[in-house]
There are 2 protein chains.
Amino acid sequence: MPTLEEVAQRSGVSRSTVSRVINNDPHVSEETRQKVLQAIAELDYHPNAVARSLAAGHTQIIGLVIPTAVAMLFSDPYFPRLIQGVAAECNASDYSVMLWIGEPEYERRTIHRHLNSGLLDGIIVASAVRGDPVVSALQQSGLPFVMVGRPDDPTISYVDVDNVHGAREAVLHLLRQGYRRVATITGPLNTAAAFDRLEGYRAALQSRGIAVDENLIAEGDFTEESGVLAMRKLLPHKPDAVFCASDTMAQGAMRVIRGEGLRIPEDIAIVGYDDMPFAVNLDPPLTTVRQPIERMGQEAVKLLLDLLAHPNDGPHRLVLPTELIIRASTVRGNS
Amino acid sequence: MPTLEEVAQRSGVSRSTVSRVINNDPHVSEETRQKVLQAIAELDYHPNAVARSLAAGHTQIIGLVIPTAVAMLFSDPYFPRLIQGVAAECNASDYSVMLWIGEPEYERRTIHRHLNSGLLDGIIVASAVRGDPVVSALQQSGLPFVMVGRPDDPTISYVDVDNVHGAREAVLHLLRQGYRRVATITGPLNTAAAFDRLEGYRAALQSRGIAVDENLIAEGDFTEESGVLAMRKLLPHKPDAVFCASDTMAQGAMRVIRGEGLRIPEDIAIVGYDDMPFAVNLDPPLTTVRQPIERMGQEAVKLLLDLLAHPNDGPHRLVLPTELIIRASTVRGNS
DNA sequence: GTTGGTTTTGGGAGCGCTCCCATACTCATT
DNA sequence: AATGAGTATGGGAGCGCTCCCAAAACCAAC
């Protein structure tokens, strides 16, 4: 591996000058620049990122942490898409992504070791649960970070989708279709997303003067199995529609409903959340709330880079819109 | 951020000695070690990973490359699970994972820059397509790397599952169930996985003295739609069972079969491959070949670390076993 | 008390870069 | 010619660590 010094010698200039052309410093004569460029090409020189980081005081690397608790959810494409968004935006901005998947026994020590190692310029935390130790460690460390999903602490920067609004629109749609006993299967209520979607559900009912019946609310954990369980609990209370906080749970709920010999949407309508790829292939195709997942990843990176550039700014917050995708699972009549 | 030097001063020893206790060098007296440890605790010192990397000549970071072409496949849980396996093993070995998702535009331009930046000690390439430029760049660079999935070039280290064996077991199972006209829907035959699975199919038939009927072989591309098309081609040749090289294609095939009013498994049995989460929820639940995806990620890391420790060893190869998961789609009678 | 071996410790020389400051050189302007 | 402003270059001093070698300390045995 050739070094800066060798390039300098070969092109007959100083180390500093080579550094300048590499970093596009304008204070280099065109002639010199060409000489240097040629030497770089001849030697197939590539700057050493580590040395550069040490000298410059930053690494151009950001960390993406996915806390343990949610890593299980890897069975749905949420995280892959988020990762893709983050990676794409980082590539575009000449940053690299360090992946950090929280392991069950990650102790505080390990967290701090990583956060204080100086390897990361900043961090994106995906979907932390309430009171996640990573978050407090992060705050302590002073490292710039942004969260995907609304945190409890209002001083933290984040990007989120408007879960309240998305859920409300979904439930209002159900109401407009004439359903009256609208139930909901929530996600784990220690996550902000699940909580907000439940809020949206309540808000929709209340705005139409419908009392919220707690019997029509069942908590799941975003998995299909939990959707099955929740639906079984709901059934005795005769709902005529169910708003599920994830497509995966909706899928479980649909299985139960069909198992009972009931029809969708004639007897019970179903709305999901996420617009997962499989939602359109369900029988019937699932009405659902689409979230711009990749975009969240992208925006999180943008926010973070902004934070790096302007450390004294207050926290950034960005709430992205959702989109209600109406399919056959909520539209009776012409089927 | 305190430095080594500050810890040294506070504990009244030299920089070198502090370095020794940090790196668990046995040549330190217990007394000194305690003094140093205390100073470290008091100052909340954490070694700077960048400086350490520069001085030591390695970074304890490995790259995980997911080539563009397959990034689309992010809609199935293969990559998430692989990533999880890689991350878990890296955590356990005190390495970090740098994620690198090939972007159409940036790939070519930045590939060499990344490989030669000295940031990565080694690389794992997930499912490269044939002739992927990343692979040749990698070979050129001299960076240690291992691939997940058998490469063309036999000098490259890799971990793979035993696709031939997995397919053979699946087909033998069909044969044992009494099916005689066993067809197959293959993946794209320019991928090693698809090729090997077809090999297994042939091997199974031949080992039972059954001639391979080329009319019973249809090529797909792992997508559901291609499963539909392939099944339509197969139907006129009256298969009584179909071995599909992916669950997704199996799903398509099942749709066609049911569309024809045929029963599964009474009229036609179906076997898939992958054991995707949805396989168990199909109607009927799908018999399939399960692959140890997380484990592949883990083993890939182990192989790579071994390669880093013993650079002069020849290429490592590891083929992991598959597991046949028998469900209702191949078992007639008691339904 | 000397010798020789072993263990423990200290200090210097980098790793390959950036950044700042000093120098040299260029070109008007007086 | 002398001055000053502006631009191009060079060189030194780090960034915070590891690694090697030499020095110091210790301990046993003669």
Side-chain angles (χ1 to χ4, degrees), chain A residues 1-37 39-40 43-61 94 96 113-121 308, chain B residues 1-37 39-40 43-61 94 96 113-121 308:
Chain A
M1 289 284 106
T3 70
L4 245 204
E5 198 76 50
E6 295 175 50
V7 176
Q9 275 179 356
R10 185 181 193 99
S11 47
V13 301
S14 75
R15 199 177 58 246
S16 304
T17 301
V18 178
S19 175
R20 285 190 189 96
V21 352
I22 287 173
N23 295 297
N24 286 318
D25 187 315
H27 299 292
V28 181
S29 72
E30 192 49 33
E31 190 191 344
T32 314
R33 158 169 275 112
Q34 288 309 327
K35 264 194 313 194
V36 171
L37 253 21
I40 287 177
L43 291 170
D44 189 30
Y45 167 78
H46 296 271
N48 180 304
V50 179
R52 176 183 278 211
S53 296
L54 181 59
H58 60 261
T59 58
Q60 302 273 107
I61 300 175
D94 254 324
S96 299
R113 181 151 54 77
H114 279 120
L115 296 186
N116 295 305
S117 72
L119 224 201
L120 272 19
D121 284 350
L308 293 178
Chain B
M1 287 283 108
T3 70
L4 245 204
E5 198 76 50
E6 296 175 49
V7 176
Q9 274 178 357
R10 186 181 192 100
S11 47
V13 300
S14 74
R15 197 177 59 244
S16 303
T17 301
V18 178
S19 175
R20 285 188 189 97
V21 350
I22 287 173
N23 295 296
N24 285 317
D25 187 314
H27 299 294
V28 181
S29 72
E30 191 48 34
E31 192 191 342
T32 313
R33 158 168 277 111
Q34 289 308 328
K35 266 194 312 195
V36 172
L37 252 22
I40 288 177
L43 291 170
D44 190 29
Y45 166 79
H46 297 271
N48 181 303
V50 179
R52 178 183 274 208
S53 296
L54 180 59
H58 60 261
T59 58
Q60 303 274 107
I61 300 175
D94 254 324
S96 299
R113 182 152 55 80
H114 279 117
L115 295 185
N116 295 306
S117 72
L119 225 202
L120 272 19
D121 285 348
L308 294 178

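Convention: sequence-line order gives letters A, B, ...; per-chain numbering from 1.
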At less than 4.0 Å, is any side-chain N or O atom of A/Asn48 found next to OP1 or OP2 of C/dC15? Yes or no.
no
Atom of B/Leu4, atom of B/Arg15 and distance for their closest heavy-atom approach:
CD1-CG, 3.8 Å
What's the CD-P distance between A/Gln60 and C/dT18, to the nearest Å?
11 Å
Nearest whole Å is fine: how far is C/dG10 P from B/Asp25 CG?
13 Å
Would you say A/Thr32 reaches D/dT9's phosphate, i.e. side-chain N/O to OP1/OP2 under 4.0 Å?
yes
Between atom CD in A/Glu5 and atom P in D/dA13, what is the gap in whole Å?
15 Å
Go through the steps for B/Arg10 and B/Leu43 under the test side chain to side chain contact (heavy atoms under 4.5 Å, CB included), then give the verdict.
CA-CA 9 Å; B/Arg10 186 181 192 100; B/Leu43 291 170; 3.8 Å; yes
Residue B/Ser19, side-chain heavy atoms: nucleotide from D/dT18, C/dC15, D/dG14 that is nearest
D/dT18
Just call it for B/Pro2: base, sugar-phosphate, or nothing, with non-hydrogen atoms closer than 4.0 Å on any strand.
nothing
If you pin B/His27 and B/Ala51 to their nearest nucleotides in DNA chain C, which one's is more 5'?
B/His27
Taking atom C1' of C/dG14 as reference, at what distance in whole Å does atom CG of B/Leu54 sit?
9 Å
To the nearest angstrom, how far is B/His46 atom NE2 from D/dG16 atom P?
15 Å
In this structure, how many angstroms lie between the P atom of D/dC20 and the CZ atom of B/Arg15, rounded?
15 Å
Counting heavy atoms from C-beta on, name the nucleotide in C/dC15, D/dC17, C/dC17 closest to the side chain of A/Thr3.
C/dC17
For the side chain of B/Thr17, starting at C-beta, report the closest nucleotide among C/dT9, C/dT18, C/dA13.
C/dT9
Residue mapping more 5' on DNA chain D - nearest nucleotide basis, A/Ser14 or B/Arg20
A/Ser14
Tell me the interatomic distance from A/Leu119, atom CG, to D/dC15, atom C1', rounded to whole angstroms.
15 Å
Determine whether a donor-acceptor pair (N or O, by modelled atom type, separation under 3.5 Å) exists between the side chain of A/Asp25 and the backbone of A/His27.
yes
Return the CD to OG distance between B/Gln9 and B/Ser14, rounded to the nearest 0.5 Å.
11.5 Å
What one should report as the nearest heavy-atom pair of A/Thr59 and B/Val50 is CG2-CG2, 3.7 Å
Applying a 4.0 Å non-hydrogen cut-off, can you work out what B/Ser53 is touching in the nucleic acid: base, sugar-phosphate, or nothing?
nothing
So which nucleotide from D/dT18, C/dG10, D/dC17 ends up closest to the side chain of B/Tyr45?
D/dC17
With a non-hydrogen cut-off below 4.0 angstrom, is A/Val13 in contact with a base, only sugar-phosphate, or nothing?
sugar-phosphate
Check A/Tyr45 against A/Thr3 and note the closest heavy-atom contact, atom names and distance.
CE1-C, 3.6 Å
Is there a donor N/O on one and an acceptor N/O on the other, under 3.5 Å, for the side chain of B/Ser16 and the base of C/dG11?
yes
By nearest atom, which of the nucleotides C/dC17, D/dT18, D/dC15 is closest to the B/Leu4 side chain?
D/dT18
Would you please confirm or rule out a distance under 4.0 Å between OP1 or OP2 of C/dG16 and any side-chain N or O of A/Arg52?
no
Atom CG of B/Asn23 to atom C1' of C/dT8: distance rounded to whole Å?
16 Å
